[in-house]
Amino acid sequence: MNRPFTEEYIDWTEVLPSFRVDLRNYTDKERNKFVKMDRIKDWSSVTWKDVGRPYEVKTYAKERVQYEAEHEKEMDPHTAWTYFNRSFHEWFVKHVPDELNDKKKAFAKSISSFNYNEIKAALTDVVQIQLWNYVHRIEDGIWDPRGKRALFEGLDVGHNPKILFLGAAEGYEALQLGAMYPGGQITMVDYDEYCKTTRFGTFPSTYPFLGENPNTGQKKVYYKDDLHVEYIVDDIRNLSFGREFDIVLSVGMLEHFPDAYKPEVVDWHRRFTKPGGYAILTTPRNQFKSRLYYRVMADVMNHTYRELMTLEQMGLFLYENGMDIVRSGYIKVHNAIVAKVR
C-alpha cells in the first residue's frame, strides 16, 4: 500500500526493518520529555569564557584517511560531503535485523580463525550495526518525530508558509514542517546531486508524518507526495533568493564549519528569512554518548570537519551573529534553536 497509515494509526508506533514509524502524540505535560527548553533566559549574559569552545571530532573515516594519503592533500569539503552522503545513505536503507544477524554470524566465524585483525573487524561490524539499530530504530534519535514536532510547534507563519531547507540531504525535517504547516512551498537545497536523486528521491513514500488538517484543526497523516517540494542542487552561496521565507532550516550544518566560517553560515540563514520569520538550527550535543557514537561510527559519519557543541556554545554563535533566540533546548542527542533575525 502506498499509504499504509491513516488517521486511525495516530498514537501508534512500529519498528520496521530500516526505521521506526512514530505517530504518537504527546500531552502538554509530556512535552518536556522530548524537548528540554529555554534553560537560558538572557543570552546577552553568556560569554565564551563561561561556555568554552566546541569539541572537535578528530577520528576520521578510513575513506578520508586513504584519500588524503593517496592525494597528499586534505580532502576538500565537497568531496568529503559526497563520500559522507553515500556512506550515510547505505546505512539508512539497511534491513537491520538481517544485517545484524549476518554480522553476528561473521563474528562467530572470525573467532575460529584466531586472527586478531579479522576478529576485531568483525566485532566492530557487530557493534556498529547494534549501535545504529538502537539510535535510529529503537530510540529514533536521528529523525525523532516527536522531539522535532515539539520543537517546531506553535510558529506564527500564517497560511501556506515558504520553507527553505539548507543542506537538505533527504529532507526529513522540512517534510515534517510541511505536514505541521500544510499548503506551503518547501524548497530544499544541497550541492550534492546524490542527495536529490537518491537520499530524497528514494525516501520511503510510505513514511507517515503527523501534521495538521487546516480545515478541521485535527491531526492528519501526510506523506512525502502530499507536499509541494522543489529540490535545488547548488551551492548555498549561489542562491538568488531574497528575504522571502517564513522558515529557514538547517540540521547538522553549523558544526561542520570552523569558527572563522560560522558567521557566514549564520548569514546564510539570515539573508533568506523574511521579517518576522524563523531560523531553525540543530547540532549534535557535546556529551559522552555523542563522543562515543562518533568514535564507533567514524567510518560512517566522519568524512567532514565536525564539532560537538553545548547548547550554550551553539546559541552564542547565533546570538553574536545577529540572531535573537526564541526557543532553545535539547532533542535527545541534539541541540535545537529557533531564532529570529535581530
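Applying the ring-ring contact (aromatic ring centres under 6.0 Å, His included) test to every pair with at least one member in residues 258-293, sequence neighbours left out, gives these pairs: Phe257-Trp268.
Side-chain contact between Phe92 and Ile142 is present, with at least one heavy-atom pair separated by less than 4.5 Å. Between Leu210 and Asp22, every side-chain heavy-atom pair lies at or beyond the 4.5 Å cut-off.
Ion pairing between a basic and an acidic side chain is recognised when a charged N comes within 4.0 Å of a carboxylate O; Arg86 and Glu63 show no such pairing. Of the charged side-chain nitrogens involved, at least one lies within less than 4.0 Å of a carboxylate oxygen, so that Arg53 and Asp259 count as a salt-bridged pair. Ionic pairing of Asp267 and Arg270 is present here: one or more N-O contacts between side-chain nitrogen and carboxylate oxygen are shorter than 4.0 angstrom.
Ring geometry, Trp143 versus Phe19: the interplanar angle falls from 30° to 60°, so the pair is classed tilted. Note: Phe203 and Tyr172 have tilted aromatic rings, judged against thresholds of 30 and 60 degrees for the angle between ring planes.
For the side-chain contact (heavy atoms from CB on, under 4.5 Å) test with Lys162, the passing option among Asp246, Ile247, Val157 is Asp246; the others fail. Test Val126, Thr124, Val127, Asp98 against Lys103 for side-chain contact (heavy atoms from CB on, under 4.5 Å) and you get one pass: Val126.
By the salt bridge (Lys or Arg N to Asp or Glu O under 4.0 Å) test, Asp234 is found to be paired with no residue, residues two or more places apart in sequence or in another chain being considered.
Follow the hydrophobic side-chain contacts under 4.5 Å out from Val57 and you never reach Tyr83; the two are in separate clusters.
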Next item on the list: Go through the steps to decide whether His136 and Trp91 satisfy the test ring pair (Phe, Tyr, Trp, His ring centres under 6.0 Å), and finish with yes or no.
Entry: CA-CA 10 Å; His136 184 46; Trp91 282 76; over 10 Å; no

